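A short write-up of the structure that comes next.
Whatever order the structure lists ligands and atoms in, that order sets their numbers, starting from 1. What you see is a predicted model, and the numbers here were worked out from it, not measured in a lab.
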Amino acid sequence: MTARRTFVIVGAGLAGAKAAENLRQEGFEGRLVLIGDEPERPYERPPLSKDYLRGESAEKPYVHAESFYSDNEIELWTSTRVSGIKASLRELWLEGDQRLSYDRLLVATGAVPRRLNVPGAELGGIHYLRTVADSQRIGERIDQGQRLVVVGSGWIGAEVAASARQKGCQVTMIEKGSLPLEHVLGPELGEIYVDLHRRHGVEFLPETTVERFEGQGSVERVLTRDDSSIETEFVVVGIGVAPRAGLIETAGIQVSNGVLVDEHLEANAPGVFAAGDVANARHPFYGRHLRVEHWANALKQGPVAAAAMLGKPAIYDEIPYFFSDQYEASMEYHGYATEWDEVVFRGDIAAHEFVAFWLKDQRLVAGLNMNVWDAGEPIRELIRSRRAVDLRDLADPAVVLSELAEAEPAMAEMDALSAWASEGGAL
Ligand SMILES: Cc1cc2nc3c(=O)[nH]c(=O)nc-3n(C[C@H](O)[C@H](O)[C@H](O)COP(=O)(O)OP(=O)(O)OC[C@H]3O[C@@H](n4cnc5c(N)ncnc54)[C@H](O)[C@@H]3O)c2cc1C
């Protein structure tokens, strides 16, 4: 008779919950423990800067119904922090020194907001947004229509600014670069987003940073590097996140910008896997490690990790995908582009109904569809095909994208493709 095996998942977020679900679906009958340090059962974070923040959905965005965990014999330990792991002993311990041995371990600890360390940073009214509790605290301020300064105009900052404006707050957004979201989307899309926010009444202050916060107990004003003083009642800082891998650093598991895992999401230590925001996974399509901080990545890596933990030949090679909703502009982005030669548009930019294509060496490396909902699949196919595309076809709404993706490459393109592939073919 074989002993009952124990699989432990550290981190009860989306990746952890989906892994647990899939372990049962894939037939794992052993002991399954899902450990999270938040008081809530696993929930999804995207609504926390959107409808949930605005109080439009009273329900917390849980991943599963409450009964799901007991129905599936998943031991869900909430409000429980794992404080150490010893990979060589296949053991972890919790605060209070309780020990737990595992046969397989999934690290799904997510990410943590980067802190702004300036004088006054400890004042009340300065918020970060990661958890449902953070969202509730910020939501209370937004409900009162208070004045808000948002520091950082990445995804969190931009979405919070939009939600706050929608609820009638006066919003100032401070950005150390020139445009919102420019670090991911580049200047072409950054211009569209700055225009969107300004038209909705956000005061956007580019190329400046916070020098200090001032106030009596709670923040009352923000002083910037260029000597502006902005009166405010609360602040939301959204300056990016860092992988929550501190726990792992002393565990004997390789960490480099997150937990370093292969395409099966397996780490260098026996029986250890990682998924979601914390995983820096080797991506077969890009031929390099990639750490992705997006909902779809957590959703889809969880099941792959589950299969791999059971010894199945699962590989994670999804084209990165994320979405964002700001005011009337909802969009999806597919791909991964750190450099490109040009951005081609099709559709109506002013009406926020368009598709943008990022091209490198005439090949599609990323695409964004705003308020256009049939472009995702062909964009991903075109990226995967690595075929040269005619820019006029991309820009022309009369050319059906899916047909472009399916078209047979011409002979000249075939030659170019095989030459490119033989040179290494990765980004
Ligand atoms: C406000 C907000 C809005 C977002 N909007 C979008 C969006 O519109 N589109 C998009 O694509 N993505 C969005 N994201 C990103 C997306 O939500 C994340 O990529 C996703 O939540 C990652 O899931 P995860 O399971 O890897 O990590 P998490 O959801 O962070 O879960 C990890 C869990 O592990 C717990 N944990 C960590 N360390 C320990 C420990 N030592 N012991 C026990 N528990 C531990 C954490 O507390 C947490 O509960 C948003 C994120 C936020 C915060």
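- With K50, M331, R130 as candidates, the residue nearest to atom 8 (O) of ligand 1 on a non-hydrogen basis is K50.
- The distance from atom NZ of K86 to atom CG of L92, rounded to the nearest 0.5 Å, is 13.0 Å.
- Per-residue contacts place A298 under 4.0 angstrom from the following atoms of ligand 1 (heavy atoms of the residue considered): 22 (C), 23 (O).
- Stacking of R346 on the aromatic ring of F357 is not recorded, the 6.0 Å distance cut-off and the 45° axial limit not both being met.
- For ligand 1, the atoms lying closer than 4.0 Å to a non-hydrogen atom of G13 are 25 (O), 31 (O), 33 (C).
- Between the side chain of R165 and the backbone N or O of H197, no donor-acceptor pair lies under 3.5 Å.
- Residue-to-ligand polar distances keep A275 apart from ligand 1: every N/O pair is separated by 3.5 Å or more.
- The protein heavy atom nearest to atom 9 (N) of ligand 1 is F323 O, 3.0 Å.
- Note: an N/O pair closer than 3.5 Å links V82 and ligand 1 by distance alone.
- Those atoms of ligand 1 with a heavy atom of F322 less than 4.0 angstrom away are 11 (O).
- Heavy atoms of I156 found under 4.0 angstrom from ligand 1 belong exclusively to the side chain.
- Using a 4.0 Å cut-off to heavy atoms of E293, the atoms of ligand 1 that qualify are 15 (C), 19 (O).
- When each atom of ligand 1 is checked for a heavy atom of G11 under 4.0 Å away, the hits are 33 (C), 34 (O), 35 (C).
- The nearest protein atom to atom 49 (O) of ligand 1, hydrogens excluded, is given as E38 OE2, 2.6 Å; this is a heavy-atom distance.
- Contacts between H294 and ligand 1, counted as non-hydrogen atom pairs separated by less than 4.0 Å, involve both the backbone and the side chain.
- Between the choices P46, A12, A108, the shortest heavy-atom distance to atom 6 (C) of ligand 1 belongs to P46.
- Between the CG atom in L123 and the CZ atom in R221 there is a gap of 10.0 Å [rounded to 0.5 Å].
- Here T109 has heavy atoms under 4.0 Å from ligand 1 in both its backbone and its side chain.
- Here's the thing with S49: none of its N/O atoms is less than 3.5 angstrom from an N/O atom of ligand 1.
- If you number the atoms of ligand 1 from 1 as listed, the ones under 4.0 Å from a heavy atom of L129 come out as 1 (C), 53 (C).
- Sequence neighbours left out, the pairs with a member in residues 183-196 that pass salt bridge (Lys or Arg N to Asp or Glu O under 4.0 Å) are D195-R199.
- Geometrically, R104 does not engage F273 in a cation-pi contact, judged by NZ or CZ lying under 6.0 Å from the ring centre and within 45° of the ring axis.
- Among protein heavy atoms, atom 12 (N) of ligand 1 sits closest to W295 N, 3.2 Å.
- Within the structure, the closest approach of V292 to ligand 1 does not fall below 4.0 Å when heavy atoms are considered.
- Of the candidates R45, K18, E44, the one placing a heavy atom closest to atom 48 (C) of ligand 1 is R45.
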Decide yes or no on side chain to side chain contact (heavy atoms under 4.5 Å, CB included) for L129 and S49, but give the supporting numbers first. CA-CA 8 Å; L129 176 52; S49 49; 3.9 Å; yes

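- Considering backbone and side-chain N/O of D37, one or more are found under 3.5 Å from N/O of ligand 1.
- Below 4.0 Å from some heavy atom of G36 lie the following atoms of ligand 1, by number and element: 43 (C), 44 (N).
- Looking from atom 26 (O) of ligand 1 to the surrounding protein, the closest heavy atom is D277 N, 2.9 Å.
- Interatomic distance, CZ of F323 versus CG of L368, reported as 13.5 Å (0.5 Å rounding).
- Counting only heavy atoms of the protein, atom 27 (O) of ligand 1 lies nearest to G110 CA, 3.2 Å.
- Ring geometry for Y193 versus W155: interplanar angle over 60°, hence perpendicular rather than tilted (30 to 60°).
- The cationic atom of R24 (NZ for Lys, CZ for Arg) does not lie both less than 6.0 Å from the six-membered ring centre of F68 and within 45° of the ring axis.
- Remark: minimum distance from atom 25 (O) of ligand 1 to any protein heavy atom is reached at A15 N, 2.9 Å.
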Taking it one step at a time, do V63 and K18 satisfy side chain to side chain contact (heavy atoms under 4.5 Å, CB included)? CA-CA 8 Å; V63 180; K18 293 309 278 185; 4.2 Å; yes

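- Contact atoms of ligand 1 toward L14: 25 (O) (distance under 4.0 Å to a heavy atom of the residue).
- For the pair R225 and E211, the salt-bridge criterion is not met [side-chain N within less than 4.0 Å of a carboxylate O].
- Within the structure, no pair that satisfies the salt bridge (Lys or Arg N to Asp or Glu O under 4.0 Å) test touches residues 7-17, not counting sequence neighbours.
- With values rounded to the nearest 0.5 angstrom, T131 atom OG1 is found 8.5 Å from E40 atom CD.
- Salt bridge R99/D97: present, at least one basic N to carboxylate O contact under 4.0 Å.
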